[in-house]
There are 2 protein chains.
Amino acid sequence: MSSDASPAQTPVTLREVAAAAGVSVATASKALNGQGRMKAQTRERIRETAQRLGFRPNSLAQSLLRRRSFTVGLLTNDTYGRFSLPLMSGVSDALVDAGVSVFLCNVEDDTRLAQLHVEAMLDKRVDGIIATGKRIDRHLPVDLANLRIPVIYAFTQPDPGAIAFVSDDAGGARLAVEHFCRLGKKRIAHVTGPASFAVVHARAEAYRDVLTEHGLPVSEPLLGAWSEAWGHDAVAKLFGDKAGREGAPDAVFCGNDQIARGVIDALRERGIGVPDDVGVIGFDNWQIVAEATRPPLSSVDMNLAALGREAGLALLSLVGGKPAEPGIRKLPCRLVVRQSCGRPPGG
Amino acid sequence: MSSDASPAQTPVTLREVAAAAGVSVATASKALNGQGRMKAQTRERIRETAQRLGFRPNSLAQSLLRRRSFTVGLLTNDTYGRFSLPLMSGVSDALVDAGVSVFLCNVEDDTRLAQLHVEAMLDKRVDGIIATGKRIDRHLPVDLANLRIPVIYAFTQPDPGAIAFVSDDAGGARLAVEHFCRLGKKRIAHVTGPASFAVVHARAEAYRDVLTEHGLPVSEPLLGAWSEAWGHDAVAKLFGDKAGREGAPDAVFCGNDQIARGVIDALRERGIGVPDDVGVIGFDNWQIVAEATRPPLSSVDMNLAALGREAGLALLSLVGGKPAEPGIRKLPCRLVVRQSCGRPPGG
DNA sequence: TCCCTCTGAGAAAACCTTTTCCCAAATCGC
DNA sequence: GCGATTTGGGAAAAGGTTTTCTCAGAGGGA
């Protein structure tokens, strides 16, 4: 019904609607926007005419007038990454209801390219920019500090005085280690990534804190690569020479899911049962990995989509003129329990 | 140098440049665009003024006038997918040099959401749309057939009469199987995904063709899920009851990298050597999986970034008014050789 | 001197919508 | 019946740029 959907070669304008309804463009505009005063009957006639002709206002013209384009730019250097994707999805989700579209710009680590994209976005009068990346402790290769439009940082290192949303890595680590404690694990090891990552230290510290709080022995975290291979090697270090398994860990908290997968595979190869002999928890909750491990991997989820949503809403609020306190907001992680961490003693 | 980069609260307009240079806006416009006639000295003075004030033309105003917005929409239903991402990257790469920005719209499988996004894009006067997805044999949940702007399909099922770019799955399968043949493999198996996927049949047929051409025995492809677990199970079926390994395969061509990973793990658990006893080749070349298998996995790459580039360039050409033949273009895959497929007999 | 052609630059329309101001007619109070 | 208010709707400016048209003056040829 409605919309004679003839493949109109050129979009119908307000002027045409007005002519068809026998009124001026001013009246037509007001009728469609619920502004101005006119007979209800006139308003209805104009509405029907617009509907019949399939009129849709030209967003470009509106933007020009309102100085508001209902577009935002999303800048990332994480092309293939699994971090920025859920985040983007959250951003988009928060914005679509406000009629805001998202320009996606991947800038790799190329300053020139980043500059190019930012200028293109400014020229197109985006209402704001969300900057995101693949690491919480690295800048994008471009300066967004004095841009005269609002900028929100998400999952990337912000400029000083800016507003940023990041995951609470320490909190996430606490979730994992405390879960082990609740399960009665006594010797909990931590195998994680390289020292060059800030999150490695944040999580390691939380790991130590929780163990101390519970009066458990703290063994130094094992730092390595973010890879399965390192998880494998770490098991050799943790369980290697021990005759029997006297002092060996009964739980391993891993810095990401790939390490966890390596750990689980290596444990199985040694005939050590997961989760009965040793519990394992990963980080990132990368579904496709977590569900492919045997048994399926319990993992800390950074709630990146939620983080993206928050960032989107914050930007929207800023664009709407509401001021906001600068600073870094840490959003909580959540523990997704599958089967690799073990069941409670009584369960 | 240049650009007194005061954090100007409002962008500088052509009118201000003109005033500062003591000319009319018309002259200023012509000076900056290399149009019209004027003294070289006048032109230069205007250029310098614009530079000094940091003038950048308002893209919205330009678009309104030119009826060309230098934006395109990228529609996908593959939020987290590893398919659409490289593809997007290729699209963006092809367009950025033309000053074209990309609206990314993820529509999941939600018709209402898709409709919403398409209308938002049309309202914003995108110059064209690229539709992509996670499957070559499925439509997006929205009709893009009569849109009065150009549409290109990439890695998704096109409407009839449209222009589409897809990977040549049969060709990709040939690459893999022929490689096995060159390595002297004689009993090549095929473990792949569910029958509901068109690519499963395309690849299986190519698999059969190549074996027949080489006079090798064809065993029926094993259809299952796209998962590691299925790769595991398939090995049981292929190598299971055989005492010794008389009739067992000496090579397995897998429908994706996860299946291949399952196959390799299962073979190792049985003490069967890869690649010496059995060669394995995967599909998709999902780097993070392919490089984590032991040994690293040889795999067929669909060249999705290149595919995205082609799609972007084709759209650009269409937007530029050049007509193009409708139809489906298949772009070649390439075989990425790592260590799982084996070395040539003489090597 | 007269007519013609360049040269250099400005005025104004166009793109499409929104909003402010304005005005004529109708209604109301008395 | 007269002034004051309300009602219904239009004219015009604004947003920033591009492009077409116009025009004054300068120079050239006869």
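Residue numbers begin at 1 in each chain, while the letters A, B, ... track the order of the sequences. Bear in mind the structure is a predicted one, so any value in this text is a computation, not a measurement.
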Requested in this report: Between C:dT18, D:dT20, D:dG10, spot the one nearest the side chain of A:Ser29, thanks.
Outcome: C:dT18
Report task. Using only heavy-atom distances, determine whether the side chains of B:Ser69 and B:Lys124 contain a donor-acceptor pair under 3.5 Å. Result -> no
Query raised in the report: Which nucleotide, D:dA14, C:dA9, D:dG16, lies nearest any side-chain atom of B:Asn58?
Result: D:dG16
Query raised in the report: Considering only heavy atoms from C-beta outward, does the side chain of A:Met38 approach that of A:Thr27 to under 4.5 Å?
Result: yes
Query - Given D:dT18, D:dG16, C:dT18, the nucleotide with the shortest approach to the side chain of A:Leu14 - result: C:dT18
Query raised in the report: D:dT18, C:dA11, D:dG16: which one has an atom nearest the side-chain heavy atoms of B:Ala26?
Result: C:dA11
Query raised in the report: Rounded to whole angstroms, how far apart are CD on A:Glu16 and P on C:dC15?
Result: 10 Å
**Report entry** Phosphate contact (D:dG9 OP1 or OP2) by A:Thr27 side-chain N/O below 4.0 Å
**Finding:** no
Query raised in the report: Which of these nucleotides, C:dT18, C:dT7, D:dG9, is closest to any side-chain atom of B:Arg37?
Result: C:dT7
Query raised in the report: Between A:Gln62 and C:dT18, is there a side-chain N or O to OP1/OP2 distance below 4.0 Å?
Result: yes
Query raised in the report: Does B:Lys30 make a side-chain donor-acceptor contact with the base of C:dG10, cut-off 3.5 Å?
Result: yes
**Report entry** Closest-nucleotide ordering on DNA chain C, the 5'-leading residue of B:Val25 and B:Leu65
**Finding:** B:Val25
Query raised in the report: How close or far is atom P of C:dT18 from atom CG of B:Leu64, stated in whole angstroms?
Result: 12 Å
Query - Atom-pair distance (CZ on B:Arg68; P on D:dT17), nearest Å - result: 19 Å
Report summary line: Closest to the side chain of A:Ala61, out of C:dC15, D:dG10, D:dG15, is D:dG15
Query raised in the report: If you count the non-hydrogen atoms of other residues, nucleotides and ligands that lie under 6.0 Å from NZ in B:Lys134, is the total more than 12?
Result: yes
Query - Nearest-neighbour nucleotide for the A:Arg15 side chain, C:dT18, C:dC15, C:dA9 considered - result: C:dC15
**Report entry** Side-chain H-bond candidate by donor/acceptor type, A:Asp123 with B:Ser59, under 3.5 Å
**Finding:** no
Report summary line: Checking C:dG10, C:dT20, D:dT17 against the side chain of B:Phe55 (C-beta onward), the nearest is D:dT17
Report task. Just call it for A:Thr42: base, sugar-phosphate, or nothing, with non-hydrogen atoms closer than 4.0 Å on any strand. Result -> sugar-phosphate
Query raised in the report: Aromatic rings A:Phe155 and A:Phe83: how do their planes relate, parallel, tilted or perpendicular, breaks at 30° and 60°?
Result: tilted
